[in-house]
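Here's the structure, in structure tokens; my notes come after.
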Amino acid sequence: MGSRDADIDFTFTCPTTVRAVLDALTGAGWSAAVPPEGVSYMINDADDMYEWYDSAPGGLGEVLALLDAPGNLPYTVALNVYHSEAGTGGMLMFLPGRTDVSFIPTLDRRRLPAAPEFTDLAWYLHALVPALVTAGLEGYEAKEIRY
């Protein structure tokens with residue numbers, strides 16, 4: 001059957017920050033604290049290695065400052081987010097320039113009940129888009145691909 005990947009690519013009207021996107025999503029039930037690890041983030045800097053790091057939830061402010069630091073703007077950075085009420089989450093990946101942000105449902109991915117091989121992208125859109133509109137969302141593209 002092969003494997004499947006799903007993602008939602010968001011486009012913002014102006015460059016955004018990890019902090020601005022997380023602040024918008026927090027009001028919709030999302031958090032950067034992913035149980036049980038805490039805060040998990042990535043910086044793909046000049047060595048072009050996608051290196052992931054973990055921090056305690058109390059270190060979130062420091063993590064956001066690092067991800068949004070001017071020196072990291074030319075690089076891809078990512079932050080895992082989790083919706084505890086829904087029991088699902090994923091990775092927010094911020095591309096260089098910070099007008100394009102991808103969400104990849106990687107943590108307890110929600111599936112369509114009648115077709116469990118597919119991701120319930122409608123649920124993720126409903127849970128993410130209204131909050132991101134307040135942060136300058138211009139548009140999105142959702143897709144699922146079978147390999």
Between atom [atom1] of [X] and atom [atom2] of [Y], what is the distance when rounded to the nearest 0.5 Å?
X: Asp100; Y: Glu138; atom1: CG; atom2: CD; answer: 9.5 Å
X: Leu67; Y: Ile43; atom1: CG; atom2: CD1; answer: 5.5 Å
X: Asp7; Y: Thr106; atom1: CG; atom2: OG1; answer: 11.5 Å
X: Trp30; Y: His83; atom1: CH2; atom2: NE2; answer: 6.0 Å
X: Tyr41; Y: Asn80; atom1: OH; atom2: CG; answer: 12.5 Å
X: Trp52; Y: Leu79; atom1: CH2; atom2: CG; answer: 7.5 Å

Legend entry - Minimal non-hydrogen separation, Gly97 against Pro15, with atom names: O-CB, 3.5 Å

Inset, instruction - Give the minimum heavy-atom separation between Asp9 and Ser102, together with the two atoms involved. - result: OD1-OG, 2.7 Å

Would a 4.5 Å heavy-atom cut-off, applied to side chains only, mark [X] and [Y] as touching?
X: Leu60; Y: Leu22; result: yes
X: Ser40; Y: Val34; result: no
X: Val21; Y: Phe10; result: no
X: Met93; Y: Met42; result: yes

Inset, instruction - Would you please test Asn72 and Leu66 for side chain to side chain contact (heavy atoms under 4.5 Å, CB included) and show each step? - result: CA-CA 8 Å; Asn72 284 326; Leu66 178 63; 4.0 Å; yes

Legend entry - Greater than 12 external heavy atoms within 6.0 Å of Glu62's CD: no

Inset, instruction - Answer yes or no: are there more than 12 heavy-atom neighbours, outside Glu51 itself, under 6.0 Å from its atom CD? - result: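 Yes, because the 6.0 Å sphere around CD of Glu51 holds more than 12 heavy atoms from other groups.
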
Legend entry - Exercise: do Thr88 and Asp108 side chains pair donor with acceptor under 3.5 Å: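 No, no side-chain donor-acceptor pair sits under 3.5 Å.
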
Inset, instruction - Check step by step if side chain to side chain contact (heavy atoms under 4.5 Å, CB included) holds for Thr17 and Phe94. - result: CA-CA 8 Å; Thr17 63; Phe94 296 75; over 6 Å; no

Inset, instruction - In sequence, state the C-alpha distance, the side-chain angles, and the governing distance for Tyr50 and Thr76, and then conclude on side chain to side chain donor-acceptor pair (under 3.5 Å). - result: CA-CA 9 Å; Tyr50 286 81; Thr76 299; 4.8 Å; no

Legend entry - Arg98 and Asp68 ion-paired at < 4.0 Å: no

